[in-house]
Amino acid sequence: MFSIAGRIINNNGTTTITMRLIPRLLSLHRHSWNSVSGGYKTLDHRAPKFCCVRHKSEGGGGGGGGRRWWSGNDDRYDHIRTEANCPRCSKPITVVFSNRPLSISAHAAPPGLYQALNLCPSCRTAFYFRPVKLSPLHGEFFEIGRVNAPLRPPVHDHDCNHHRALAASSSHDSAKKKSDLPTPKQIFEALNRYVVGQEKAKKVLSVAVYNHYSRIHLASLNQSEDGDDVVEPEKSNVMLIGPTGSGKTLLAKTLARAVNVPFAIADATTLTQAGYVGEDVESILYRLLEEADFDVELAQRGIVYVDEVDKITKKVVSVPDKGASKHHAGDNILIDTKNILFICGGAFVNLEKTISERQQNSSIGFGAPVCANMRTSGFTDALVTSSLLEKVESGDLIAYGLIPEFVGRFPILSGLSALNEEQLFQVLVEPKNALVKQYRKMFEMNNVNLHFTDTALRLIAKKAMAKNTGARGLRALLENILTEAMFEIPNKVDVDNVKAVLVDEEAVGSLDGPGCGAKILYSVDDGALEDQTSAYVCT
Ligand SMILES: Nc1ncnc2c1ncn2[C@@H]1O[C@H](COP(=O)(O)OP(=O)(O)OP(=O)(O)O)[C@@H](O)[C@H]1O
């Protein structure tokens with residue numbers, strides 16, 4: 001019936017096909033646009049990459065028993081429902097989307113707005129429709145993926161072991177759910193198991209996340225209360241400011257794990273405004289939905305981490321705004337972002353200078369000497385930087401180049417410091433899934449013991465420090481040291497009687513040069529690793 005032109009984008013391992021419908025589909029929908037005044041408009045056939053569809057809006061404020069037709073000249077934001085053919089299987093489907101521009105978080109947004117992912121009931125392909133022009137309606141379908149799991153629309157009383165308590169929004173079981181919510185201290189302890197240092201950020205985040213889910217709990221209680229006394233705390237999104245490899249993403253991910261909600265990561269630099277190529281908000285929400293096993297209720301209480309927001313200075317990032325509708329219409333998946341917690345992160349290189357200048361201008365003692373010191377020494381050491389970042393204010397981010405509307409949606413700002421050498425050493429060995437533990441596990445699969453000497457680990461930390469990429473550099477260093485051994489070991493087991501792999505100083509090398517790589521040790525005596533030279537033959 002029609003052809004599809006596709007382009008494949010890789011999104012964190014997911015394949016996204018950008019679909020374009022060619023004009024033959026358009027001819028199936030010759031009369032496509034319905035206006036307030038009644039009548040249909042003829043499609044614009046000059047824009048072959050867009051599909052034109054009949055549409056009408058729904059939602060409050062209009063006539064027609066709660067439904068209203070959308071007027072092409074009206075700039076109100078609205079839910080728009082359209083009839084179309086599935087770009088994949090060409091069966092009829094109903095598409096729902098919003099005509100509003102996208103902005104971050106739920107704070108201060110007009111009510112009644114939402115994003116919609118759409119699902120073809122026939123071939124179960126999920127996609128979203130991106131409107132480019134509303135009158136006549138032009139837009140593009142973006143395929144996100146096939147849905148295998150059955151869709152679970154928002155329900156108020158479900159029992160899900162995987163993502164449990166925090167999904168609750170009904171008032172009748174809210175008391176129980178509240179007791180399931182970990183306290184800030186418990187969240188802090190959970191973060192401690194995975195994240196080295198960053199004590200202040202951990203505390204700020206523990207409180208923020210606890211308050212966020214308490215707010216949801218309170219809102220569910222308020223639903224059953226009438227009157228002017230109802231207090232509704234507003235959502236507080238969080239901004240993490242810290243150098244690369246300091247643990248911003250790790251903190252956000254671990255938080256989601258601590259409170260047991262679905263989690264998705266997005267990169268601000270690939271988020272687009274409508275009409276540009278890149279990753280779109282809907283695909284992030286779709287990822288959240290996937291994480292929630294297609295349980296819409298759970299997805300609506302997840303955490304989204306948006307990385308690299310410092311790279312979008314003077315641009316408007318497109319991340320979803322408030323979605324008030326809890327409506328589940330056929331196979332359109334409507335994601336209400338009202339309760340999704342957005343955590344944004346960025347390195348904000350040299351932001352400390354902006355903070356220092358602000359402090360200097362306002363003559364608060366600390367600023368002037370710090371600034372002077374920075375000017376004379378020509379660099380800022382990590383300690384000075386982190387103490388300055390601790391004092392970050394919204395105004396500093398605006399001075400840095402972020403737009404005020406964006407910054408205004410992040411009442412919670414938290415600075416992270418660059419990890420020092422000792423902390424990098426700890427990252428290697430201490431967290432629950434520390435890198436050394438991970439590699440040990442991999443070698444164990446071949447019944448081989450991976451052994452690191454203390455001096456080797458400290459040298460690795462020193463080398464990572466010199467690279468200036470924080471803990472991010474550690475994995476690359478380990479990978480280089482262990483690649484050869486990981487290549488050889490699976491072939492040698494049971495053949496050459498390999499018993500251990502040793503990473504010592506020589507294997508790591510010097511501060512500015514590589515070493516010989518991990519040494520494969522051939523055992524002549526079980527348990528003889530302590531006496532490496534006599535009991536083991538090194539390759
Ligand atoms: N404080 C930390 N404790 C334990 N591991 C850490 C810490 N910081 C970073 N890591 C590890 O380093 C790697 C990179 O960390 P992460 O992605 O959280 O950094 P980031 O601050 O988000 O960096 P970027 O700004 O480049 O995105 C991950 O493997 C993470 O586990």
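Counting starts at 1 for both ligands and their atoms, in listed order. FYI, side chains are in, hydrogens and waters are out, and symmetry mates aren't considered; it's all heavy atoms of this structure.
Taking all atoms of both residues into account, the shortest heavy-atom contact from E352 to L389 is N-CD2, 4.3 Å.
Here the straight-line distance linking atom CZ of R472 with atom CG of L424 works out to 13.0 Å at 0.5 Å rounding.
Within 6.0 Å of NZ in K467 there are more than 12 heavy atoms belonging to other residues, nucleotides or ligands. Applying the 6.0 Å contact sphere to NZ of K462 captures no more than 12 heavy atoms from other residues, nucleotides or ligands.
For ligand 1, the atoms lying closer than 4.0 Å to a non-hydrogen atom of V195 are 1 (N), 2 (C), 3 (N).
Annotation: atom 23 (O) of ligand 1 to nearest protein heavy atom, G245 N, 2.9 Å. The shortest contact between atom 26 (O) of ligand 1 and any protein heavy atom is with T244 OG1, 2.5 Å. Given atom 21 (O) of ligand 1, the protein heavy atom at minimum distance is K248 NZ, 2.9 Å. For atom 3 (N) of ligand 1, the closest non-hydrogen atom of the protein is V196 N, 2.8 Å.
For the pair D396/L413, no side-chain contact is recorded, criterion being any heavy-atom separation below 4.5 Å from C-beta on. Counting heavy atoms from C-beta outward, V261 and L298 have side chains that stay 4.5 Å or more apart. For the pair Q198/S417, a side-chain contact is recorded, criterion being any heavy-atom separation below 4.5 Å from C-beta on.
The nearest non-hydrogen atom to atom 7 (C) of ligand 1, considering only I265, L435, L250, D310, comes from L250. Taking each of G345, A471, P431 in turn, the one with a heavy atom nearest to atom 11 (C) of ligand 1 proves to be A471.
Ligand 1 lies out of reach of A347, whose nearest heavy atom is not under 4.0 Å from it. Using a non-hydrogen distance threshold of 4.0 Å, R472 registers as a contact of ligand 1. Taking a 4.0 Å cut-off on heavy atoms, P243 registers as neighbouring ligand 1.
Checking atom 18 (O) of ligand 1 against the protein gives a heavy-atom contact under 4.0 Å. For atom 28 (C) of ligand 1, no protein heavy-atom neighbour is present inside the 4.0 Å cut-off.
For the pair R409 and F342, the NZ or CZ position fails the cation-pi test of under 6.0 Å to the six-membered ring centre and within 45 degrees of the ring normal.
Of the polar atoms of D307, at least one N or O is found under 3.5 Å from an N or O of ligand 1, judged by distance alone. Close N/O approach between T249 and ligand 1 is found [any backbone or side-chain N/O within under 3.5 Å]. Polar contact check, G242 against ligand 1: no nitrogen or oxygen pair lies under 3.5 Å apart. Ligand 1 has an N or O atom lying under 3.5 Å from an N or O atom of G247, backbone or side chain.
Under the side chain to side chain donor-acceptor pair (under 3.5 Å) rule, N339 has a single partner from E297, R215, H212, which is R215.
Salt bridge status for E422 with R458: present, with a side-chain N to carboxylate O gap under 4.0 Å.
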